[in-house]
Amino acid sequence: MLDQIRDIEQEALAALAAASDLDALEAVEARTTGKRGALADVLRGIGKLPGDQRTAVGQAANAARKAVEAALEARRTALEAEREAALGTLEALDLTQPAPGDAPWPRTGGTIHPVQQLIRRVEDVCQGMGFDLLDGPWVEDEQHNFTALNIPPGHPARDMQDTFWLTDGHLLRTHTSPVQIRAMRERTPPIRAVAVGRVFRNEELDATHEHTFHQIEGLLVDREVNVGHMVHVLRGLIAEILESDVEVRLRPAYFPFVEPGFEMDVTYRGRWMELLGCGLVHPDVLRQGGVDPAAWSGFAFGMGIDRLVLLKYGIEDIRHLMGGDLRFLRQFGSGVEA
Ligand code: DAH
């Protein structure tokens, strides 16, 4: 009987040492220390033993049960630790993995803002025609934004461009025309330059007025430049930008920094549309830019970008453009960037 107990214990300890998972442990437990296990059988048989053997067999069986239970517990702890370590590796996330194809969100990149799409096109076309791309600051001084452009303090044109004044006397540029002054002061003629960017006006907001919008400014300074040159260049540029043949017409208009000054209309989808302001650079403005008006002349133009975008896509409210609503912006998917 004692031999039998020792065999049971040894078989169990060997099986535990070899057990590779929790199922195997449970099998050992069931057949050794479980209610219907081998040790329980032994104890049940104790009553049939001669009295002097009962104590020894009972103690041996209990000792074997304790030994097996201890080994079982130790092995269970070890196996659980192993399993957790394995799970850790399995479940670790590799954030550089591409999302699976059946991810619940669409895997699009960002889309290029419709205003930016048009700006890129305009910049491309202008560069193709030999204009350099310039940049100017959003925070301007009165000198560049107004005075040097022939708009002295008290001039009514200042009131027409509701201005965001900063507390230190600077302002947010109300148009891109100050870049003309910067271009002339930084360069020597001949000059062919365009500047595209944000402008700001302190306006009452509604479907056609936004405080932040975009303009393109162009400046060409060369010898004996006339209105014919201007019309030719602008017609070519606009046809390229709108990707269609266009008719253009000039209407006289007043801008302090050009003389003569015009508004240019173009045909777009069969209708005349007012598109931009332009004219021959005023001699005083050339002088302000350090350019001698006796030797040089030039033309300039300024065009709003946002209204063109509204027209192109049939958008009814300009406030959508700077509103930042992704549901709106995602509709202009062309030019998706990865
Ligand atoms: N700066 C003018 C505006 O914001 C637009 C403009 C008109 C620009 C005529 C020009 C120009 O360069 O020649 O209303």
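Order of appearance sets the numbers: ligands from 1, and atoms from 1 within every ligand. For the numbers below, each heavy atom of this structure counts, side chains included, while hydrogens, waters and symmetry mates do not.
Using a 4.5 Å heavy-atom cutoff, the side chains of Val258 and His282 are not in contact. Put simply, the side chain of Val194 reaches to within 4.5 Å of the side chain of Leu133, judged on heavy atoms. Between Phe146 and Pro152 the shortest side-chain heavy-atom distance does not fall below 4.5 Å.
With a 4.0 Å cut-off on non-hydrogen atoms, Cys278 touches ligand 1 through its backbone and not its side chain. In Phe257, the part holding a heavy atom less than 4.0 Å from any atom of ligand 1 is the side chain. Contacts between Arg201 and ligand 1 below 4.0 angstrom, taking non-hydrogen atoms only, involve the side chain exclusively.
Among all non-hydrogen protein atoms, the one lying nearest atom 12 (O) of ligand 1 is Glu217 OE2, 2.6 Å. Distance from atom 9 (C) of ligand 1 to its nearest protein heavy atom, with residue and atom name: Gly277 C, 3.3 Å.
Minimum interatomic distance between Glu142 and Arg158 (heavy atoms only, all atoms of both residues): OE2-NH1, 2.7 Å. Nearest heavy-atom pair, Ala148 versus Val285, reported as atom, atom and distance to 0.1 Å: O-CG2, 3.8 Å.
Every atom of ligand 1 is numbered from 1 in the order shown, and the set under 4.0 Å from a heavy atom of Gly279 is 13 (O). Interface atoms of ligand 1 facing Ser177, defined by a heavy-atom separation under 4.0 Å, are 1 (N), 8 (C). Interface of Ala300 with ligand 1, defined as ligand atoms under 4.0 Å from a residue heavy atom, comprises 12 (O), 13 (O).
Looking at Thr174 next to ligand 1, no N or O pair under 3.5 Å apart turns up. Backbone and side-chain nitrogen or oxygen atoms of Gly218 are examined, and none is located within less than 3.5 angstrom of a nitrogen or oxygen of ligand 1.
The shortest heavy-atom distance from Gln215 to ligand 1 is under 4.0 Å. The shell of residues lying under 4.0 angstrom from ligand 1, judged by heavy atoms, excludes His282.
Between Asp132 and the options Arg187, Gln127, Arg192, a side chain to side chain contact (heavy atoms under 4.5 Å, CB included) holds for only Arg187. Under the side chain to side chain contact (heavy atoms under 4.5 Å, CB included) test applied with Arg201, the options His209, His211, Glu210, His175 reduce to a single match, His175.
Taking the six-membered ring for Trp, Phe328 and His320 have ring centres closer than 6.0 Å.
Within 6.0 Å of CG in Asn226 there are more than 12 heavy atoms belonging to other residues, nucleotides or ligands.
Of the candidates Gly302, Gly304, Gly261, the one placing a heavy atom closest to atom 8 (C) of ligand 1 is Gly302.
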